[in-house]
Amino acid sequence: MKINTLHKIAFTAFGLVLGAVSVSAQEATYGPYDGSQKLSYFGTGKKENYDVAIHLTNSALVGKTVKGIVIPMNSDITGIDSTAVAFMSKTLTIKNKVNVPDIESDTASISGGKVTIRFKQPYTITSDGVYVGYSLSLNAKSTAVIPVVVANNPDDDNLYMHTTSTYRKWGSRASTLGCELALEVLLDGIEPDVATVVSGGDVNTQINLSKDYTFSVKNGGSTAISSVDFSYSLAGVSNNVHADLADPVKAHVGSTGSVSFAIPAVADAGTYPLTVSLLKVNGKDVAPSSFTSNVNVYKLLPTKRALLEEYTGTWCGYCPRGFVGLEHMNELYGNDFVGVSYHNGDPMEFTADFPNNVPGFPDAWIDRYYETDAYCGDNYDGHFNIDKTYAECNKQFAPADLVTRAYFTDATQSSVEVKTSVTFASDNSDNPYQLAYILTADGLSEAGDTAHQSSWDQSNYYSGETTFPDDDMKEFVNGGSKISGLTFNFVVCGWSGKSYIDGSLPSSVVAMQPVNYTYTFDLAQSLNASGNAIIQDKSKLHVVTLLIDTTTGHVVNALKSNVYSDEAAGIKGVNDANADATAVAREYYSIDGKRLCQPQKGLNIVRLSNGKTFKVVVK
């Protein structure tokens, strides 16, 4: 079988329509596809016929009438017969390898593109629900085509399939195949301006700080939703809000849109219920719909920085995309991007005992539990998307804030001392968190290789490739099969170990009371697999501090720090590293969350005009 997720579907401007296409005020579309999702093709790779369907089981649809279906067809329809059969059925039945609907079936001609088929006899949905779908036949000239158009959001009710050879019985295939049928159902009897609100989940914030909260509006009517009115209540504060949606929710039953609003600041730490109730849709009163989520308020909300670990090698022809991905992320976020690169089989290989399960190269993991791609992220479409995946991981709650100072211990620069202060947001008498460290080197190149090792040229399979069109890949797309003269950054050249340092943090911690730990790197141990030094320029070293959940092995927070010439420079560097040239200090807080007029001696919390918060030490 085959699922093609990279080939884009080009819809033609035509497609057979049986009956009028205009949608009345009471007619709406429903189903897993609303016309906006990223689509792909599915096929078994065999010459066989396909029957596919979705199951309408939503109790809100009882009494509504199925009038037809809209099918996005593969524009390359070679090998598919020019007719399709649209059907409705209470049960899915196969006789002599043929689908036998028990309600209605209509045959129509197809020519590719988007096809609308209306049933000659519409059907009113009962409490038993109804299966709605279509059948395709492959002709004598068929090869291994992939004729079924799908979306990548599996729901068990949204892809039932039978084929004459591979899937000989009807069954739900969504979970197995990881996709659902791209199909719209035309329904009559749907009222306009109907919606429900869906929780955006619990949210974490800091005392005395407002926080944006985002929830979803789900369309249940026949009209698009351009505005909503709602009320909210939190910690004794209630308010009504009108929101105009920049991106209206599509006129498709089940489509969702996002609404954001600022929840008020809360003065005391604790957990508070947030209740949101829908009042109006498009200015019209609606049936009640509400949800309640929790707002967790902390004296200090730690800054979350995820760890991206990339696995690469100069011998690996597909690894240049990871090289580009990390460089691009560093340009965007600087030290707020915590990325490290493990090399394999080249002069920069520090270890082959990786902290993640690496099935092949290239590979990448975020926080040691989430596998992704270091360039495309979770959307492997040939474009730079890792920033979006990384940003989603940064939305996770971090249990503690990290401050690290790293500096050379003496003039010989033979070792690096690392001092870390960890401040937890909550008390924990059974603390599961411990520290770990990674040392990385920038500026590595063949020119700096005093040992004259081989394999510095980067193998490149992207030469002449058109599927990676962004400017950041041009060096490799326009280059040859080998790229020389590269400078490698983020290279792992030392660590405290594959896992955490047992005993680096106490078993019991108290909120807002910093815990300190010191670790030392011996740079003589920063050797590659051949026993040669990896570091070429000691002014280009960084230390990555990891906070690890010992119960899962996952990284829950990380911090990238420069290595300074001595301890005094390291203290100054901690303060400077968190500064932003475009932002000014807006508010100062003590470590227990009290508002200050100006920084005080010791540890301070600073909130910038751009909303960022960090810690500084005042001598």
Donor-acceptor contact present, side-chain T44 to main-chain T166, <3.5 Å: no

Shortest non-hydrogen contact between V324 and D472, atoms and distance: CG1-O, 3.4 Å

Audit row: W315, F361, ring pair (Phe, Tyr, Trp, His ring centres under 6.0 Å) steps and yes/no: CA-CA 10 Å; W315 54 268; F361 295 80; 5.5 Å; yes

Close side-chain approach of D202 and L274, heavy atoms under 4.5 Å: no

Heavy-atom pair with the smallest gap, counting every atom of A425 and P302: CB-CD, 3.9 Å

Side chain to side chain, I548 and Q434, heavy atoms closer than 4.5 Å: no

Heavy-atom side-chain proximity of K304 to K395 below 4.5 angstrom: no

Y375 and its ring pair (Phe, Tyr, Trp, His ring centres under 6.0 Å) partner, picked from F384, F476, Y380, Y318: F384

Taking every non-hydrogen atom, the tightest pair across I225 and A195: CD1-CB, 3.6 Å

Any donor-acceptor N/O pair, N294 side chain to N296 backbone, under 3.5 Å: no

Validation row: R321, D373 side chains within 4.5 angstrom (heavy atoms): yes

For Y298, ring pair (Phe, Tyr, Trp, His ring centres under 6.0 Å) partners two or more places apart: F397

Non-hydrogen atoms of L326 and S341 that approach each other most closely: CD2-CB, 4.2 Å

Counterpart residues, salt bridge (Lys or Arg N to Asp or Glu O under 4.0 Å), relative to K388 (two or more places apart): none

Quiz: residues 175-185 side-chain donor-acceptor pairs under 3.5 angstrom, not counting sequence neighbours:
from, atom 1, to, atom 2, distance (Å)
S175, OG, D156, OD1, 2.5
E180, OE1, N158, ND2, 3.1

Pairing residues for Y433 by the ring pair (Phe, Tyr, Trp, His ring centres under 6.0 Å) criterion, not counting sequence neighbours: none

Contact check, side chains of Y41 and V150, non-hydrogen atoms, under 4.5 Å: no

Nearest non-hydrogen partners of N460 and S463, listed with the distance: ND2-N, 3.6 Å

Working for side chain to side chain contact (heavy atoms under 4.5 Å, CB included), residues S226 and L245: CA-CA 5 Å; S226 58; L245 279 61; 5.8 Å; no

Residues forming a side chain to side chain contact (heavy atoms under 4.5 Å, CB included) with S539, sequence neighbours excluded: D537

Nearest heavy atoms of G45 and Y50, plus distance in Å: N-OH, 4.4 Å

Step-by-step side chain to side chain donor-acceptor pair (under 3.5 Å) determination, N394 to Y333: CA-CA 13 Å; N394 275 342; Y333 302 110; over 6 Å; no

Heavy-atom check, side chain of N330 versus side chain of L332, under 4.5 Å: no

Parallel, tilted or perpendicular: rings of Y519 and Y437 (30°, 60°): parallel

L300 side chain reached by Q206 side chain, heavy atoms, under 4.5 Å: yes

Proximity of F215 and F230 rings by center, below 6.0 Å: yes

Summary of disulfide bond (SG atoms under 2.5 Å apart) pairs that have at least one residue in residues 326-396, sequence neighbours excluded: none

For C316, disulfide bond (SG atoms under 2.5 Å apart) partners two or more places apart: C319

Member of V70, V149, I71 meeting the side chain to side chain contact (heavy atoms under 4.5 Å, CB included) criterion with K114: V70

Validation row: K560, F490 side chains within 4.5 angstrom (heavy atoms): yes

Residues which pass salt bridge (Lys or Arg N to Asp or Glu O under 4.0 Å) with K474, listed by chain and number, not counting sequence neighbours: D471

Donor-acceptor under 3.5 Å (D449 side chain, Q453 main chain): yes

Backbone N/O of R305 and side chain of N557: donor-acceptor pair under 3.5 Å: yes

For F488, all residues meeting ring pair (Phe, Tyr, Trp, His ring centres under 6.0 Å), sequence neighbours excluded: F323, H343

Test log, rule side chain to side chain contact (heavy atoms under 4.5 Å, CB included), inputs D401 and T303: CA-CA 6 Å; D401 215 0; T303 300; 4.2 Å; yes

For A400, side chain to side chain contact (heavy atoms under 4.5 Å, CB included) partners two or more places apart: V422, F424, L547

Which donor-acceptor pairs under 3.5 Å do side chains of residues 254-263 form with protein atoms, sequence neighbours excluded?
from, atom 1, to, atom 2, distance (Å)
S255, OG, D34, OD2, 2.8
S260, OG, T214, OG1, 2.6

Which residues share a ring pair (Phe, Tyr, Trp, His ring centres under 6.0 Å) with Y342, sequence neighbours left out: Y311, F354

Value rounded to 0.5 Å, distance of OG1 in T467 from CE in M473: 8.0 Å

Whether N379 side chain and N385 backbone form a donor-acceptor pair below 3.5 Å: no

